[in-house]
Amino acid sequence: MLPAPFLHKNHLPDQTKTQRSGQNNCMCERGIELNKKKMTPAEVSEAKWGLLFVAPTMIGLIVLNFYPIIKTIYQSFCKTGDFGRGNKFVGLANYAAVIQAPETWQSFWNTIKYAIIEVPFGIIIALILAVLLNKKIKGRSVYRTIFFLPMVCAPAAVAMVWKWLYNQQFGLLNNIFHTKIAWISNPKIAWIFIGIIGVWSIIGYNMVLFISGLQEIPGDYYEAAEIDGASGFRQFWSITIPLLSPTTFFIVQTRIIGALTIFDLMFMVMDKTNVALKKVQSVVYLFYQYAFTNGNKGYGATLVVVLLIFILVLTVILQKIEKKVVYQN
């Protein structure tokens, strides 16, 4: 055994180390307790008022969002009873039926085709318009308002106008081109022209977001690039695109989710007797048919849950991609 003067802290017995560790933990806990301050009456009042103002939003989220989600997931494991009353637990039977049904995969494919048209074209056109309308031109506010108008129009009014434009017998497009094309009645091309309506409807919203992102880019970058002799396209590619990538990715992510959950456009434009309906109807439209028209709420809820899982997986993938493609500065 070493003499006392030569004892090192590494040679202390384990029991001594344990005691010192316990003492340090006690001192830390006491320090934390001392640092905790009791709330003053003014702070308590402020906290109560804050909770009071937040309460309506929280109640709305619970009643209109969280509870329906939980109810839908539960409903997906049940079968609606006779005459639409009561639920019978059937386990995974609804999921097996949904996966095996050809119309499920057809509706998923229809939804993806719609997203392929609406998302990229809606973003590209909106970006070009945003860049043009971000410059100092005469009547800029008027142009912005015109392009944003489709976003504030009632969906029913939009559907009526486009149904008239696409009408095979007396539609404006066929009268202009002197044709008899079944724009939304031909199963081979109907999904394309439904997607065009989606692009037209969302351009204004995307454009406003892009304009707000463009206004956050410092003008010094463009001045320096112009001094260095960079062309307009070079400035757009090397300055605008990278610095606008956070806004672009946000729009891409939200529009993909929006396109995958499309319903109102197809519901109001496509009649139930339309021969192209099976090649156009989305997953949410199919859910509506089963849950509200056919009264099979369990099967309809299962369709929504499957779509929700698909969107969650896609969102996780997009979040992984964001770290690699978005310019974080």
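The analysis underlying the following values was restricted to heavy atoms, covering all of them including side chains, and did not include hydrogens, waters or symmetry mates.
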Exercise for the section: Grab the two heavy atoms, one from Ser185 and one from Val275, that are nearest each other, plus how far apart they are. Expected result: O-CG2, 3.1 Å

Problem - Val119 and Ile124, any side-chain heavy atoms less than 4.5 Å apart - result: no

Practice task
Measure the spacing between CG of Leu149 and OG of Ser201 and express it to the nearest 0.5 Å.
Solution key: 12.0 Å

Practice task
Examine Ile241 and Ile321 and state if one hydrophobic cluster contains both, with Ile, Leu, Val, Met, Phe, Trp and Tyr joined whenever side-chain heavy atoms are less than 4.5 Å apart.
Solution key: yes

Practice task
Check the surroundings of atom CZ in Phe170: do more than 12 heavy atoms from other residues, nucleotides or ligands lie under 6.0 Å from it?
Solution key: no

Handout entry: Evaluation steps, side chain to side chain contact (heavy atoms under 4.5 Å, CB included), between Gln253 and Gln319
Key = CA-CA 9 Å; Gln253 189 167 355; Gln319 292 297 323; 2.8 Å; yes

Problem - Under 3.5 Å donor-acceptor, Asp228 side chain and Ala230 backbone - result: no

Completion exercise
Shortest non-hydrogen pair, Cys78 vs Tyr74, comes out as SG-O, 3.5 Å

Handout entry: Asn294 side-chain N/O to Asn296 backbone N/O, donor-acceptor pair under 3.5 Å
Key = no

Exercise for the section: For atom CZ of Phe250, decide whether the heavy atoms of other residues, nucleotides or ligands shown that lie under 6.0 angstrom number more than 12. Expected result: no

Problem - Lys163 backbone acceptor or donor facing Asn167 side chain under 3.5 Å - result: no

Exercise for the section: Could you state whether Leu132 and Phe147 fall into the same hydrophobic cluster, counting links through intermediate Ile, Leu, Val, Met, Phe, Trp or Tyr residues with side-chain heavy atoms under 4.5 angstrom apart? Expected result: no

Problem - Interatomic spacing from CE in Met266 to CG in Asn274 - rounded to 0.5 Å - result: 12.0 Å

Problem - Common cluster, Ile311/Ile116, ILVMFWY with side-chain heavy-atom separation under 4.5 Å - result: no

Problem - Parallel, tilted or perpendicular, as decided by the 30° and 60° cut-offs, for the rings of Trp105 and Phe108 - result: tilted

Practice task
For Thr179 and Asn174, test the side chains for any donor-to-acceptor distance below 3.5 angstrom and give the result as yes or no.
Solution key: yes

Problem - 4.5 Å side-chain heavy-atom contact, Val199 and Ile125 - result: yes

Problem - Distance-only side-chain donor-acceptor flag, Tyr95 / Ser76, under 3.5 Å - result: yes

Handout entry: From CG (Leu172) to CG (Leu165), nearest 0.5 Å
Key = 5.5 Å

Handout entry: Sidechain-backbone polar pair: Arg144 side chain, Leu133 backbone, donor-acceptor under 3.5 Å
Key = yes

Practice task
Kindly indicate whether the side chain of Met151, heavy atoms from C-beta on, has any atom under 4.5 Å from the side chain of Ile203.
Solution key: no

Problem - Check: Gly198 main-chain N/O paired with Glu118 side-chain donor or acceptor under 3.5 Å - result: no

Problem - Contact check, side chains of Trp162 and Ile194, non-hydrogen atoms, under 4.5 Å - result: no

Problem - Gap separating the CG atom of Leu260 from the OG1 atom of Thr315, nearest 0.5 angstrom - result: 9.0 Å

Problem - CZ/Arg234: more than 12 non-hydrogen atoms of other groups inside 6.0 Å - result: no

Exercise for the section: Answer whether the closest heavy-atom distance between the side chains of Glu226 and Gln235 falls below 4.5 Å. Expected result: yes

Fill in the blank from the handout: Note: Ile239 and Ala225 closest approach over all heavy atoms is CD1-CB, 3.7 Å

Exercise for the section: Start with the C-alpha distance between Lys278 and Gln106, add both sets of side-chain angles, then the distance that settles side chain to side chain contact (heavy atoms under 4.5 Å, CB included), and finish with yes or no. Expected result: CA-CA 8 Å; Lys278 296 295 182 181; Gln106 181 63 51; 5.6 Å; no

Exercise for the section: Give the intermediate values and the outcome of side chain to side chain contact (heavy atoms under 4.5 Å, CB included) for residues Tyr327 and Leu244. Expected result: CA-CA 8 Å; Tyr327 182 78; Leu244 202 61; over 6 Å; no

Handout entry: Exercise: do Glu103 and Gln281 side chains pair donor with acceptor under 3.5 Å
Key = no

Practice task
Decide side chain to side chain contact (heavy atoms under 4.5 Å, CB included) for Leu303 and Thr104; before the verdict, give the C-alpha distance in whole Å, the side-chain angles of both, and the deciding distance to 0.1 Å.
Solution key: CA-CA 8 Å; Leu303 283 168; Thr104 301; 3.9 Å; yes

Handout entry: Pairwise side-chain contact, Tyr221 with Leu243, heavy-atom cut-off 4.5 Å (strictly under)
Key = yes

Practice task
Mind listing the closest non-hydrogen atom pair of Gln168 and Ala182 along with its distance?
Solution key: OE1-CB, 3.5 Å

Exercise for the section: Would you name the heavy atoms of Asn206 and Gly122 that are closest together and state the gap between them? Expected result: ND2-O, 3.4 Å

Practice task
Could you check whether the rings of Phe263 and Tyr288 sit parallel, tilted or perpendicular, using 30° and 60° as the cut-offs?
Solution key: tilted

Completion exercise
dist Thr40:OG1 -> Glu43:CD (nearest 0.5 Å) comes out at 3.5 Å

Fill in the blank from the handout: In this structure, CG of Leu307 is separated from CD1 of Ile257 (nearest 0.5 Å) by 10.5 Å

Handout entry: Distance-minimising heavy-atom pair for Ala156 and Met268
Key = CA-SD, 3.5 Å

Practice task
Count the heavy atoms belonging to other residues, nucleotides or ligands that lie under 6.0 Å from OH of Tyr143, then report whether that count exceeds 12.
Solution key: no

Handout entry: Residue Glu46 excluded, over 12 heavy atoms near CD under 6.0 Å
Key = no

Practice task
Look at the side-chain heavy atoms of Ile, Leu, Val, Met, Phe, Trp and Tyr, link any pair under 4.5 Å apart, and say whether Phe292 and Val305 land in one connected group.
Solution key: yes

Exercise for the section: Please test Tyr205 against Phe148 for ring-ring contact (aromatic ring centres under 6.0 Å, His included), starting from the C-alpha separation and ending with a verdict. Expected result: CA-CA 6 Å; Tyr205 175 77; Phe148 190 75; 7.6 Å; no

Exercise for the section: Please check if the side chain of Thr247 supplies one atom and the backbone of Phe210 the other of a donor-acceptor pair under 3.5 Å. Expected result: no

Practice task
Mark yes or no for whether Ser282, through its side chain, and Ile262, through its backbone, hold a donor-acceptor pair below 3.5 Å.
Solution key: yes

Practice task
Check whether Val208 and Val152 end up in the same hydrophobic cluster, where Ile, Leu, Val, Met, Phe, Trp and Tyr are linked by side-chain heavy atoms less than 4.5 Å apart.
Solution key: yes

Problem - Side chain proximity check, Trp191 to Asn110, heavy atoms < 4.5 angstrom - result: no

Practice task
Determine whether Trp183 and Ile192 make a side-chain contact, defined as any pair of heavy atoms from C-beta on separated by less than 4.5 Å.
Solution key: no

Exercise for the section: Look at the rings of Tyr299 and Tyr290 and say which category their plane angle falls in: under 30° parallel, 30 to 60° tilted, over 60° perpendicular. Expected result: tilted

Exercise for the section: On the 0 to 90° scale, with breaks at 30° and 60°, tag the Phe267-Tyr285 ring pair as parallel, tilted or perpendicular. Expected result: tilted

Problem - Heavy-atom neighbours of Gln215 CD exceed 12 at 6.0 Å - result: yes

